[in-house]
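Values in this document were obtained by computation on a predicted structure and should not be read as measured data. Note on naming: letters A, B, ... go to the chains in the order of the sequence lines (proteins, then strands), and numbering restarts at 1 for each one.
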There are 2 protein chains.
Amino acid sequence: MMTELVYRRVMRDLKKRILNGEFTTKKLPDERSLSATYQVSRSTMKRAMEILVDQGIIFKKRGAGTFINPLYLKDRSAFRYEGKNLGITDSFQANGKPTKSRLLDYRVIPATAELQQELFLTESDFVYEIKRLRLVADKPVIIETGYIPIKILPTLTPAVAQSSIFSYVQDVQGQTVNRAFLSIHVQPSTAEDQDLLHLKPIEPVGVMSGIFFLDDGTPFEVSTMRLHYRDLKYGTFVNLNED
Amino acid sequence: MMTELVYRRVMRDLKKRILNGEFTTKKLPDERSLSATYQVSRSTMKRAMEILVDQGIIFKKRGAGTFINPLYLKDRSAFRYEGKNLGITDSFQANGKPTKSRLLDYRVIPATAELQQELFLTESDFVYEIKRLRLVADKPVIIETGYIPIKILPTLTPAVAQSSIFSYVQDVQGQTVNRAFLSIHVQPSTAEDQDLLHLKPIEPVGVMSGIFFLDDGTPFEVSTMRLHYRDLKYGTFVNLNED
DNA sequence: TCCAAAAATTGGACCGTATCAATTTTAAAA
DNA sequence: TTTTAAAATTGATACGGTCCAATTTTTGGA
(Lines give C-alpha, C1' and ligand atoms only; values in the text may rest on other atoms or scores of the structure.)
Protein backbone atom coordinates (compact mmCIF):
# COMPACT_ATOMS: atom_id res chain seq x y z
CA MET A 1 0.00 0.00 0.00
CA MET A 2 1.26 3.39 -0.96
CA THR A 3 1.49 5.85 1.88
CA GLU A 4 -0.44 8.96 1.11
CA LEU A 5 1.62 11.89 0.02
CA VAL A 6 1.87 14.72 2.50
CA TYR A 7 0.66 17.47 0.22
CA ARG A 8 -2.35 15.43 -0.82
CA ARG A 9 -3.30 14.73 2.74
CA VAL A 10 -3.04 18.41 3.60
CA MET A 11 -4.92 19.39 0.45
CA ARG A 12 -7.78 17.04 1.17
CA ASP A 13 -8.05 18.10 4.77
CA LEU A 14 -8.03 21.76 3.94
CA LYS A 15 -10.64 21.24 1.27
CA LYS A 16 -12.83 19.39 3.71
CA ARG A 17 -12.52 22.16 6.26
CA ILE A 18 -13.45 24.75 3.67
CA LEU A 19 -16.52 22.84 2.62
CA ASN A 20 -17.46 22.35 6.25
CA GLY A 21 -17.51 26.09 6.57
CA GLU A 22 -14.80 26.26 9.18
CA PHE A 23 -13.54 29.54 7.80
CA THR A 24 -16.49 31.80 8.33
CA THR A 25 -14.62 34.92 7.35
CA LYS A 26 -14.00 33.53 3.87
CA LYS A 27 -10.39 34.12 4.59
CA LEU A 28 -7.87 31.44 5.32
CA PRO A 29 -5.02 31.77 7.79
CA ASP A 30 -1.79 32.82 6.16
CA GLU A 31 0.51 30.22 4.65
CA ARG A 32 3.02 30.36 7.45
CA SER A 33 0.49 29.65 10.16
CA LEU A 34 -1.16 26.94 8.13
CA SER A 35 2.11 25.17 7.51
CA ALA A 36 2.77 25.36 11.25
CA THR A 37 -0.57 23.85 12.21
CA TYR A 38 -0.18 21.09 9.65
CA GLN A 39 3.43 20.61 10.68
CA VAL A 40 4.65 20.75 7.12
CA SER A 41 7.03 23.03 5.31
CA ARG A 42 5.73 26.11 3.65
CA SER A 43 6.58 24.71 0.23
CA THR A 44 4.39 21.71 0.87
CA MET A 45 1.65 23.95 2.17
CA LYS A 46 1.85 26.01 -1.00
CA ARG A 47 1.70 22.92 -3.10
CA ALA A 48 -1.44 21.73 -1.37
CA MET A 49 -3.09 25.11 -1.70
CA GLU A 50 -2.14 25.45 -5.32
CA ILE A 51 -4.31 22.50 -6.19
CA LEU A 52 -7.30 24.15 -4.59
CA VAL A 53 -6.53 27.28 -6.53
CA ASP A 54 -6.52 25.27 -9.73
CA GLN A 55 -9.86 23.82 -8.78
CA GLY A 56 -11.22 27.30 -8.36
CA ILE A 57 -12.02 26.78 -4.69
CA ILE A 58 -9.71 29.41 -3.29
CA PHE A 59 -7.74 32.32 -4.70
CA LYS A 60 -4.77 34.21 -3.42
CA LYS A 61 -3.87 37.84 -3.36
CA ARG A 62 -0.32 38.72 -2.59
CA GLY A 63 -0.06 40.91 0.46
CA ALA A 64 -3.69 40.37 1.36
CA GLY A 65 -4.22 36.69 1.98
CA THR A 66 -6.02 33.63 0.73
CA PHE A 67 -9.75 33.69 0.23
CA ILE A 68 -12.50 31.24 -0.45
CA ASN A 69 -14.33 31.61 -3.73
CA PRO A 70 -17.83 32.46 -2.50
CA LEU A 71 -19.38 31.08 -5.66
CA TYR A 72 -17.93 27.71 -4.92
CA LEU A 73 -19.74 27.38 -1.64
CA LYS A 74 -22.86 28.90 -3.04
CA ASP A 75 -23.37 26.47 -5.84
CA ARG A 76 -20.85 23.73 -6.10
CA SER A 77 -22.77 21.91 -8.77
CA ALA A 78 -22.18 24.83 -11.07
CA PHE A 79 -18.50 24.10 -10.75
CA ARG A 80 -18.90 20.60 -11.96
CA TYR A 81 -19.02 21.26 -15.62
CA GLU A 82 -18.52 17.61 -16.36
CA GLY A 83 -22.22 17.04 -16.64
CA LYS A 84 -22.30 19.03 -19.80
CA ASN A 85 -19.58 17.26 -21.63
CA LEU A 86 -19.85 13.56 -21.32
CA GLY A 87 -18.27 13.31 -24.70
CA ILE A 88 -14.91 11.96 -24.03
CA THR A 89 -14.71 10.88 -20.48
CA ASP A 90 -17.21 8.31 -21.45
CA SER A 91 -15.04 6.69 -23.98
CA PHE A 92 -12.06 6.76 -21.67
CA GLN A 93 -13.55 5.26 -18.63
CA ALA A 94 -16.26 2.69 -18.39
CA ASN A 95 -18.55 4.63 -16.15
CA GLY A 96 -21.72 2.69 -15.99
CA LYS A 97 -23.28 3.72 -19.29
CA PRO A 98 -25.14 1.13 -21.36
CA THR A 99 -22.49 0.98 -24.02
CA LYS A 100 -21.62 -1.94 -26.20
CA SER A 101 -18.68 -2.53 -28.39
CA ARG A 102 -18.27 -4.53 -31.58
CA LEU A 103 -14.84 -5.68 -32.63
CA LEU A 104 -14.36 -4.84 -36.28
CA ASP A 105 -10.75 -5.83 -36.57
CA TYR A 106 -8.06 -7.26 -34.38
CA ARG A 107 -4.57 -8.13 -35.51
CA VAL A 108 -0.93 -7.85 -34.71
CA ILE A 109 1.25 -5.86 -37.03
CA PRO A 110 4.80 -4.53 -37.03
CA ALA A 111 5.00 -0.99 -35.76
CA THR A 112 5.01 1.47 -38.62
CA ALA A 113 7.51 4.28 -38.64
CA GLU A 114 4.87 6.63 -37.36
CA LEU A 115 3.88 4.33 -34.53
CA GLN A 116 7.50 3.83 -33.62
CA GLN A 117 7.76 7.54 -33.20
CA GLU A 118 4.61 7.98 -31.24
CA LEU A 119 4.94 5.02 -28.93
CA PHE A 120 8.72 5.03 -28.61
CA LEU A 121 9.19 1.69 -30.28
CA THR A 122 11.81 0.16 -32.55
CA GLU A 123 11.53 -1.65 -35.88
CA SER A 124 11.35 -4.99 -34.16
CA ASP A 125 8.35 -4.07 -32.09
CA PHE A 126 4.85 -5.24 -32.80
CA VAL A 127 1.55 -3.64 -31.96
CA TYR A 128 -2.05 -4.69 -31.74
CA GLU A 129 -4.29 -2.99 -34.20
CA ILE A 130 -7.73 -2.85 -32.70
CA LYS A 131 -10.70 -1.46 -34.51
CA ARG A 132 -13.94 -1.23 -32.67
CA LEU A 133 -17.36 0.16 -33.15
CA ARG A 134 -18.84 1.58 -30.01
CA LEU A 135 -22.56 1.56 -29.59
CA VAL A 136 -24.66 3.49 -27.17
CA ALA A 137 -28.20 2.25 -26.83
CA ASP A 138 -27.52 -0.02 -29.81
CA LYS A 139 -26.67 2.90 -32.03
CA PRO A 140 -23.19 3.13 -33.54
CA VAL A 141 -21.45 6.18 -32.19
CA ILE A 142 -17.71 5.82 -32.44
CA ILE A 143 -15.34 4.10 -34.80
CA GLU A 144 -12.17 3.67 -32.85
CA THR A 145 -8.83 2.50 -34.14
CA GLY A 146 -6.18 1.95 -31.54
CA TYR A 147 -2.62 0.72 -31.48
CA ILE A 148 -1.06 -0.82 -28.40
CA PRO A 149 2.47 -2.21 -28.13
CA ILE A 150 2.55 -5.93 -27.48
CA LYS A 151 5.34 -5.59 -25.03
CA ILE A 152 3.18 -3.47 -22.77
CA LEU A 153 0.20 -5.77 -22.86
CA PRO A 154 1.38 -9.22 -23.95
CA THR A 155 -1.73 -10.93 -22.68
CA LEU A 156 -4.38 -9.01 -24.52
CA THR A 157 -7.10 -11.06 -26.17
CA PRO A 158 -9.91 -10.19 -28.57
CA ALA A 159 -12.43 -10.75 -25.81
CA VAL A 160 -10.73 -8.15 -23.67
CA ALA A 161 -10.26 -5.80 -26.57
CA GLN A 162 -13.98 -5.84 -27.10
CA SER A 163 -14.68 -4.56 -23.64
CA SER A 164 -12.59 -2.14 -21.66
CA ILE A 165 -8.89 -2.23 -22.26
CA PHE A 166 -8.26 0.47 -19.73
CA SER A 167 -9.78 -1.39 -16.83
CA TYR A 168 -7.93 -4.48 -17.99
CA VAL A 169 -4.68 -2.60 -17.70
CA GLN A 170 -5.62 -1.56 -14.23
CA ASP A 171 -6.43 -5.10 -13.19
CA VAL A 172 -3.43 -6.75 -14.74
CA GLN A 173 -0.74 -4.18 -14.33
CA GLY A 174 -2.06 -2.15 -11.44
CA GLN A 175 -1.57 0.91 -13.57
CA THR A 176 -4.11 3.45 -14.65
CA VAL A 177 -4.48 5.38 -17.83
CA ASN A 178 -4.89 8.88 -16.57
CA ARG A 179 -3.29 11.23 -18.99
CA ALA A 180 -3.77 11.80 -22.64
CA PHE A 181 -2.74 14.22 -25.29
CA LEU A 182 -5.68 14.79 -27.53
CA SER A 183 -6.22 16.56 -30.74
CA ILE A 184 -9.71 17.33 -31.91
CA HIS A 185 -10.86 18.32 -35.32
CA VAL A 186 -13.51 17.84 -37.97
CA GLN A 187 -12.91 16.64 -41.49
CA PRO A 188 -14.82 15.33 -44.53
CA SER A 189 -16.24 11.89 -43.95
CA THR A 190 -15.16 8.73 -45.70
CA ALA A 191 -17.51 6.18 -47.17
CA GLU A 192 -17.01 4.00 -44.15
CA ASP A 193 -17.82 6.87 -41.82
CA GLN A 194 -20.96 7.59 -43.74
CA ASP A 195 -21.99 3.98 -43.65
CA LEU A 196 -21.30 3.18 -40.02
CA LEU A 197 -22.20 6.50 -38.51
CA HIS A 198 -25.15 7.26 -40.77
CA LEU A 199 -23.76 10.41 -42.26
CA LYS A 200 -24.82 11.99 -45.51
CA PRO A 201 -21.99 12.24 -48.04
CA ILE A 202 -21.51 15.94 -47.63
CA GLU A 203 -21.54 15.82 -43.86
CA PRO A 204 -18.19 15.84 -42.10
CA VAL A 205 -17.03 13.58 -39.32
CA GLY A 206 -15.58 14.44 -35.92
CA VAL A 207 -12.14 13.08 -35.14
CA MET A 208 -10.44 12.83 -31.81
CA SER A 209 -7.00 11.34 -31.84
CA GLY A 210 -4.39 11.11 -29.21
CA ILE A 211 -1.83 9.31 -27.14
CA PHE A 212 -2.73 7.76 -23.83
CA PHE A 213 -0.19 7.46 -21.06
CA LEU A 214 0.13 5.18 -18.09
CA ASP A 215 0.79 6.45 -14.57
CA ASP A 216 4.49 6.13 -14.99
CA GLY A 217 4.52 8.09 -18.21
CA THR A 218 4.78 5.22 -20.65
CA PRO A 219 2.94 5.93 -23.88
CA PHE A 220 0.36 3.21 -23.89
CA GLU A 221 -1.90 3.65 -26.84
CA VAL A 222 -2.35 5.71 -29.95
CA SER A 223 -5.97 6.00 -30.83
CA THR A 224 -8.22 7.67 -33.34
CA MET A 225 -11.90 8.02 -32.73
CA ARG A 226 -14.27 8.99 -35.47
CA LEU A 227 -17.74 9.99 -34.51
CA HIS A 228 -20.84 11.69 -35.78
CA TYR A 229 -20.26 15.39 -35.51
CA ARG A 230 -23.21 15.85 -33.23
CA ASP A 231 -21.51 13.60 -30.69
CA LEU A 232 -18.28 15.53 -30.74
CA LYS A 233 -18.41 17.28 -27.41
CA TYR A 234 -15.53 18.23 -25.30
CA GLY A 235 -15.14 20.48 -22.30
CA THR A 236 -12.14 21.45 -20.28
CA PHE A 237 -10.65 23.98 -17.94
CA VAL A 238 -7.91 26.07 -19.41
CA ASN A 239 -5.29 28.05 -17.58
CA LEU A 240 -4.51 31.05 -19.65
CA ASN A 241 -1.28 32.19 -18.10
CA GLU A 242 0.99 29.42 -19.10
CA ASP A 243 2.51 30.58 -22.27
CA MET B 1 8.65 46.84 -17.25
CA MET B 2 8.59 43.71 -15.22
CA THR B 3 11.79 41.71 -15.31
CA GLU B 4 11.08 38.29 -16.66
CA LEU B 5 10.84 35.56 -14.10
CA VAL B 6 13.59 33.01 -14.14
CA TYR B 7 11.43 29.94 -14.53
CA ARG B 8 9.51 31.52 -17.37
CA ARG B 9 12.66 32.45 -19.19
CA VAL B 10 13.96 28.93 -18.82
CA MET B 11 10.62 27.45 -19.81
CA ARG B 12 10.38 29.55 -22.94
CA ASP B 13 13.91 28.81 -23.99
CA LEU B 14 13.53 25.10 -23.46
CA LYS B 15 10.29 25.12 -25.37
CA LYS B 16 11.90 26.93 -28.22
CA ARG B 17 14.75 24.46 -28.33
CA ILE B 18 12.34 21.56 -28.38
CA LEU B 19 10.32 23.04 -31.22
CA ASN B 20 13.54 23.75 -33.08
CA GLY B 21 14.31 20.08 -32.91
CA GLU B 22 17.48 20.43 -30.92
CA PHE B 23 16.86 17.19 -29.09
CA THR B 24 16.91 14.69 -31.88
CA THR B 25 16.79 11.71 -29.58
CA LYS B 26 13.42 12.80 -28.25
CA LYS B 27 15.05 12.68 -24.86
CA LEU B 28 16.04 15.68 -22.83
CA PRO B 29 19.11 15.91 -20.60
CA ASP B 30 18.41 15.08 -17.01
CA GLU B 31 17.13 17.75 -14.65
CA ARG B 32 20.40 18.18 -12.86
CA SER B 33 22.39 18.83 -16.01
CA LEU B 34 19.74 21.14 -17.37
CA SER B 35 19.66 23.18 -14.19
CA ALA B 36 23.43 23.43 -14.42
CA THR B 37 23.45 24.64 -18.01
CA TYR B 38 20.73 27.16 -17.25
CA GLN B 39 22.49 28.14 -14.05
CA VAL B 40 19.34 27.77 -12.00
CA SER B 41 18.40 25.59 -9.09
CA ARG B 42 16.85 22.22 -9.68
CA SER B 43 13.56 23.37 -8.20
CA THR B 44 13.36 26.18 -10.70
CA MET B 45 14.24 23.80 -13.47
CA LYS B 46 11.47 21.48 -12.36
CA ARG B 47 9.03 24.33 -12.29
CA ALA B 48 9.87 25.31 -15.82
CA MET B 49 9.58 21.76 -17.03
CA GLU B 50 6.34 21.18 -15.21
CA ILE B 51 4.67 23.79 -17.37
CA LEU B 52 5.77 22.01 -20.49
CA VAL B 53 4.43 18.78 -19.02
CA ASP B 54 1.08 20.44 -18.46
CA GLN B 55 1.11 21.67 -22.00
CA GLY B 56 1.67 18.14 -23.17
CA ILE B 57 4.97 18.99 -24.80
CA ILE B 58 7.09 16.69 -22.69
CA PHE B 59 6.51 13.89 -20.23
CA LYS B 60 8.64 12.39 -17.54
CA LYS B 61 9.42 8.91 -16.38
CA ARG B 62 11.05 8.55 -13.04
CA GLY B 63 14.31 6.72 -13.32
CA ALA B 64 14.29 6.94 -17.08
CA GLY B 65 14.28 10.57 -18.10
CA THR B 66 12.26 13.26 -19.79
CA PHE B 67 10.89 12.77 -23.28
CA ILE B 68 9.31 14.85 -25.97
CA ASN B 69 5.72 14.15 -26.88
CA PRO B 70 5.97 13.10 -30.53
CA LEU B 71 2.42 14.18 -31.29
CA TYR B 72 3.15 17.70 -30.28
CA LEU B 73 5.66 18.37 -32.97
CA LYS B 74 3.50 16.91 -35.62
CA ASP B 75 0.14 18.16 -36.77
CA ARG B 76 0.42 21.81 -35.97
CA SER B 77 -2.89 23.22 -36.90
CA ALA B 78 -3.89 26.50 -38.43
CA PHE B 79 -5.15 27.93 -35.19
CA ARG B 80 -3.85 27.14 -31.80
CA TYR B 81 -6.30 27.84 -29.07
CA GLU B 82 -3.75 27.63 -26.37
CA GLY B 83 -2.79 29.63 -23.40
CA LYS B 84 -3.21 33.29 -24.05
CA ASN B 85 -4.02 32.73 -27.64
CA LEU B 86 -7.21 31.14 -26.63
CA GLY B 87 -8.78 34.28 -27.69
CA ILE B 88 -12.45 34.04 -27.69
CA THR B 89 -12.67 37.53 -26.46
CA ASP B 90 -9.22 38.51 -27.38
CA SER B 91 -6.20 37.98 -29.44
CA PHE B 92 -6.17 34.92 -31.48
CA GLN B 93 -3.55 34.39 -34.04
CA ALA B 94 -3.66 32.75 -37.39
CA ASN B 95 -0.24 31.87 -38.64
CA GLY B 96 0.85 35.43 -38.76
CA LYS B 97 -1.86 36.43 -41.17
CA PRO B 98 -3.44 39.79 -40.51
CA THR B 99 -6.68 39.57 -38.62
CA LYS B 100 -9.40 42.15 -38.39
CA SER B 101 -12.48 42.47 -36.31
CA ARG B 102 -15.81 43.97 -37.27
CA LEU B 103 -18.39 44.89 -34.66
CA LEU B 104 -21.72 43.46 -35.77
CA ASP B 105 -23.79 44.25 -32.75
CA TYR B 106 -23.44 45.92 -29.38
CA ARG B 107 -26.29 46.27 -26.92
CA VAL B 108 -27.39 45.84 -23.37
CA ILE B 109 -29.96 43.19 -22.57
CA PRO B 110 -31.37 41.54 -19.45
CA ALA B 111 -29.59 38.34 -18.52
CA THR B 112 -31.35 35.27 -19.83
CA ALA B 113 -31.89 32.30 -17.60
CA GLU B 114 -28.91 30.54 -19.08
CA LEU B 115 -26.68 33.53 -18.62
CA GLN B 116 -27.84 33.90 -15.05
CA GLN B 117 -26.69 30.37 -14.45
CA GLU B 118 -23.37 30.67 -16.14
CA LEU B 119 -22.43 34.08 -14.84
CA PHE B 120 -24.02 33.78 -11.41
CA LEU B 121 -26.46 36.60 -12.03
CA THR B 122 -30.02 37.34 -10.99
CA GLU B 123 -33.08 38.35 -12.99
CA SER B 124 -32.42 41.99 -12.40
CA ASP B 125 -28.93 41.88 -13.91
CA PHE B 126 -28.05 43.21 -17.32
CA VAL B 127 -25.32 42.17 -19.70
CA TYR B 128 -23.60 43.53 -22.74
CA GLU B 129 -24.17 41.54 -25.85
CA ILE B 130 -21.25 41.95 -28.18
CA LYS B 131 -21.20 40.34 -31.56
CA ARG B 132 -18.12 40.49 -33.70
CA LEU B 133 -16.97 39.06 -36.95
CA ARG B 134 -13.34 38.12 -37.13
CA LEU B 135 -11.60 38.13 -40.45
CA VAL B 136 -8.37 36.55 -41.52
CA ALA B 137 -6.92 37.92 -44.73
CA ASP B 138 -10.22 39.72 -45.22
CA LYS B 139 -12.17 36.51 -45.14
CA PRO B 140 -14.75 35.98 -42.39
CA VAL B 141 -13.65 33.13 -40.19
CA ILE B 142 -15.34 33.46 -36.85
CA ILE B 143 -18.66 34.76 -35.67
CA GLU B 144 -18.25 35.60 -32.05
CA THR B 145 -20.92 36.48 -29.51
CA GLY B 146 -19.96 37.49 -26.00
CA TYR B 147 -21.85 38.43 -22.88
CA ILE B 148 -20.39 40.46 -20.05
CA PRO B 149 -22.25 41.57 -16.92
CA ILE B 150 -22.62 45.32 -16.70
CA LYS B 151 -21.88 45.33 -13.02
CA ILE B 152 -18.46 43.93 -13.65
CA LEU B 153 -17.53 46.32 -16.41
CA PRO B 154 -19.77 49.40 -16.18
CA THR B 155 -17.51 51.49 -18.35
CA LEU B 156 -17.26 49.38 -21.46
CA THR B 157 -17.62 51.15 -24.79
CA PRO B 158 -18.06 49.92 -28.36
CA ALA B 159 -14.58 51.11 -29.20
CA VAL B 160 -13.11 48.93 -26.51
CA ALA B 161 -15.32 46.02 -27.42
CA GLN B 162 -13.90 46.06 -30.89
CA SER B 163 -10.38 45.64 -29.67
CA SER B 164 -9.11 44.04 -26.54
CA ILE B 165 -11.48 43.54 -23.66
CA PHE B 166 -9.08 41.48 -21.62
CA SER B 167 -6.36 44.04 -21.44
CA TYR B 168 -9.01 46.64 -20.72
CA VAL B 169 -10.08 44.71 -17.66
CA GLN B 170 -6.52 44.50 -16.54
CA ASP B 171 -5.97 48.20 -16.94
CA VAL B 172 -9.19 49.30 -15.34
CA GLN B 173 -9.70 46.76 -12.62
CA GLY B 174 -6.25 45.37 -12.07
CA GLN B 175 -7.68 41.92 -12.51
CA THR B 176 -6.67 39.31 -15.00
CA VAL B 177 -8.63 36.74 -16.83
CA ASN B 178 -6.69 33.62 -16.16
CA ARG B 179 -9.02 30.69 -16.29
CA ALA B 180 -11.71 29.51 -18.60
CA PHE B 181 -14.05 26.63 -19.02
CA LEU B 182 -14.03 25.84 -22.66
CA SER B 183 -16.39 23.57 -24.48
CA ILE B 184 -16.36 22.43 -28.05
CA HIS B 185 -19.01 20.93 -30.20
CA VAL B 186 -20.47 20.83 -33.68
CA GLN B 187 -24.05 21.54 -34.58
CA PRO B 188 -26.25 22.22 -37.61
CA SER B 189 -25.58 25.59 -39.13
CA THR B 190 -27.97 28.47 -39.15
CA ALA B 191 -28.72 30.60 -42.16
CA GLU B 192 -26.42 33.26 -40.81
CA ASP B 193 -23.60 30.73 -40.36
CA GLN B 194 -24.06 29.53 -43.91
CA ASP B 195 -24.03 33.04 -45.21
CA LEU B 196 -21.08 34.43 -43.32
CA LEU B 197 -18.93 31.33 -43.21
CA HIS B 198 -19.78 30.00 -46.66
CA LEU B 199 -21.30 26.75 -45.56
CA LYS B 200 -23.71 24.64 -47.55
CA PRO B 201 -27.10 24.24 -45.88
CA ILE B 202 -26.52 20.67 -44.81
CA GLU B 203 -23.05 21.34 -43.48
CA PRO B 204 -22.70 21.82 -39.73
CA VAL B 205 -20.83 24.56 -37.95
CA GLY B 206 -18.12 24.31 -35.31
CA VAL B 207 -18.80 25.96 -31.99
CA MET B 208 -16.34 26.81 -29.27
CA SER B 209 -17.79 28.44 -26.22
CA GLY B 210 -16.18 29.48 -23.03
CA ILE B 211 -16.78 30.95 -19.63
CA PHE B 212 -13.95 33.19 -18.54
CA PHE B 213 -13.06 33.83 -14.93
CA LEU B 214 -11.26 36.59 -13.13
CA ASP B 215 -8.58 36.01 -10.53
CA ASP B 216 -11.08 35.90 -7.73
CA GLY B 217 -13.23 33.30 -9.42
CA THR B 218 -15.89 35.65 -10.70
CA PRO B 219 -17.24 34.58 -14.07
CA PHE B 220 -16.45 37.46 -16.31
CA GLU B 221 -17.68 36.56 -19.73
CA VAL B 222 -19.56 33.95 -21.65
CA SER B 223 -18.55 33.75 -25.23
CA THR B 224 -19.39 31.66 -28.25
CA MET B 225 -17.41 31.35 -31.44
CA ARG B 226 -18.91 29.83 -34.51
CA LEU B 227 -16.59 28.84 -37.28
CA HIS B 228 -16.29 26.67 -40.33
CA TYR B 229 -15.84 23.09 -39.18
CA ARG B 230 -12.58 22.75 -41.02
CA ASP B 231 -11.14 25.45 -38.78
CA LEU B 232 -12.20 23.72 -35.61
CA LYS B 233 -8.98 22.32 -34.27
CA TYR B 234 -8.02 21.92 -30.71
CA GLY B 235 -5.17 20.23 -28.95
CA THR B 236 -5.20 19.56 -25.28
CA PHE B 237 -3.62 17.61 -22.51
CA VAL B 238 -6.03 15.74 -20.35
CA ASN B 239 -5.64 14.64 -16.77
CA LEU B 240 -8.27 12.12 -15.92
CA ASN B 241 -7.71 11.29 -12.28
CA GLU B 242 -7.83 14.45 -10.30
CA ASP B 243 -9.50 15.04 -7.02
C1' DT C 1 27.28 -16.16 -23.15
C1' DC C 2 23.76 -15.32 -20.01
C1' DC C 3 21.70 -13.93 -15.88
C1' DA C 4 21.28 -11.90 -11.43
C1' DA C 5 23.03 -8.66 -8.20
C1' DA C 6 25.02 -4.24 -7.44
C1' DA C 7 25.77 0.45 -8.75
C1' DA C 8 24.64 4.52 -11.09
C1' DT C 9 21.20 7.39 -13.05
C1' DT C 10 17.06 10.02 -12.91
C1' DG C 11 12.78 12.09 -11.47
C1' DG C 12 9.71 12.89 -7.08
C1' DA C 13 8.76 14.48 -2.41
C1' DC C 14 9.77 17.28 1.26
C1' DC C 15 12.28 20.50 3.94
C1' DG C 16 14.01 25.11 5.25
C1' DT C 17 15.93 29.63 4.03
C1' DA C 18 16.46 34.25 2.02
C1' DT C 19 14.62 37.89 -0.56
C1' DC C 20 11.16 40.40 -2.92
C1' DA C 21 6.56 42.59 -4.10
C1' DA C 22 1.85 43.70 -3.15
C1' DT C 23 -1.23 44.88 0.32
C1' DT C 24 -2.85 46.13 4.72
C1' DT C 25 -2.15 48.13 9.08
C1' DT C 26 -0.18 51.36 12.05
C1' DA C 27 1.90 55.59 13.27
C1' DA C 28 3.04 60.17 12.47
C1' DA C 29 2.22 64.54 10.58
C1' DA C 30 -0.65 68.19 8.77
C1' DT D 1 -10.05 64.66 11.25
C1' DT D 2 -7.57 63.68 7.19
C1' DT D 3 -3.51 62.61 4.81
C1' DT D 4 0.87 60.66 4.37
C1' DA D 5 4.69 57.84 5.45
C1' DA D 6 6.55 53.89 7.76
C1' DA D 7 6.04 49.22 9.39
C1' DA D 8 4.07 44.78 9.44
C1' DT D 9 1.72 41.23 6.99
C1' DT D 10 1.28 37.99 3.31
C1' DG D 11 2.00 35.52 -0.87
C1' DA D 12 5.70 34.73 -4.82
C1' DT D 13 10.10 33.57 -6.41
C1' DA D 14 14.34 31.32 -6.09
C1' DC D 15 17.84 28.73 -3.90
C1' DG D 16 19.82 24.56 -2.24
C1' DG D 17 19.71 20.46 0.37
C1' DT D 18 18.27 15.39 1.90
C1' DC D 19 16.19 11.27 1.12
C1' DC D 20 13.52 8.08 -1.69
C1' DA D 21 11.69 5.20 -5.72
C1' DA D 22 11.81 3.73 -10.37
C1' DT D 23 14.66 2.62 -14.05
C1' DT D 24 18.81 1.79 -16.51
C1' DT D 25 23.49 0.46 -16.72
C1' DT D 26 27.31 -1.97 -15.15
C1' DT D 27 29.50 -5.76 -13.10
C1' DG D 28 30.67 -10.30 -11.59
C1' DG D 29 29.74 -15.04 -11.29
C1' DA D 30 27.70 -19.37 -13.21
Rounded to whole angstroms, how far apart are [atom1] on [X] and [atom2] on [N]?
{"X": "R62(A)", "N": "dA14(D)", "atom1": "CZ", "atom2": "P", "value": "11 Å"}
{"X": "R47(A)", "N": "dG12(C)", "atom1": "CZ", "atom2": "C1'", "value": "8 Å"}
{"X": "M45(B)", "N": "dT10(C)", "atom1": "CE", "atom2": "C1'", "value": "14 Å"}
{"X": "K27(A)", "N": "dT23(C)", "atom1": "NZ", "atom2": "P", "value": "13 Å"}
{"X": "M49(B)", "N": "dT10(C)", "atom1": "CE", "atom2": "C1'", "value": "11 Å"}
{"X": "Y38(B)", "N": "dC15(D)", "atom1": "OH", "atom2": "P", "value": "14 Å"}
{"X": "L34(A)", "N": "dT9(D)", "atom1": "CG", "atom2": "P", "value": "16 Å"}
{"X": "E4(A)", "N": "dA13(C)", "atom1": "CD", "atom2": "P", "value": "13 Å"}

So what does [X] touch, heavy atoms closer than 4.0 Å: a base, only the sugar-phosphate, or nothing?
{"X": "R32(A)", "answer": "base"}
{"X": "K61(B)", "answer": "sugar-phosphate"}
{"X": "T44(A)", "answer": "sugar-phosphate"}

Inset, instruction - Compute whether any side-chain donor of one residue and acceptor of the other, for T218(A) and K61(B), lie under 3.5 angstrom apart. - result: yes

Would one find a side-chain N or O of [X] under 4.0 angstrom from OP1 or OP2 of [N]?
{"X": "Y7(A)", "N": "dC14(C)", "answer": "no"}
{"X": "S43(A)", "N": "dA13(C)", "answer": "no"}
{"X": "R42(A)", "N": "dT17(C)", "answer": "no"}

To the side chain of [X], which of [options] is closest?
{"X": "D30(A)", "options": "dC15(D), dT10(D), dA13(C)", "value": "dT10(D)"}
{"X": "S41(B)", "options": "dT13(D), dC15(D), dA13(C)", "value": "dC15(D)"}
{"X": "V6(A)", "options": "dC14(C), dG11(C), dA12(D)", "value": "dC14(C)"}
{"X": "K60(B)", "options": "dG12(C), dC15(C), dG11(D)", "value": "dG12(C)"}

Inset, instruction - Taking atom CD of E22(B) as the centre, report whether more than 12 heavy atoms of other residues, nucleotides or ligands fall under 6.0 Å from it. - result: yes

Legend entry - F59(A) and F213(B) aromatic centres sub-6.0 Å: no

Inset, instruction - Could you tell me the separation between the CG atom of L14(A) and the CG atom of L52(A), rounded to the nearest 0.5 Å? - result: 5.5 Å

Inset, instruction - May I ask you to say whether E31(A) pairs ionically with R42(A), meaning some side-chain N is under 4.0 Å from a carboxylate O? - result: yes

Inset, instruction - Would you mind telling me which residue lines up with the more 5' stretch of DNA chain C, E31(B) or A64(A), judged by nearest nucleotide? - result: E31(B)

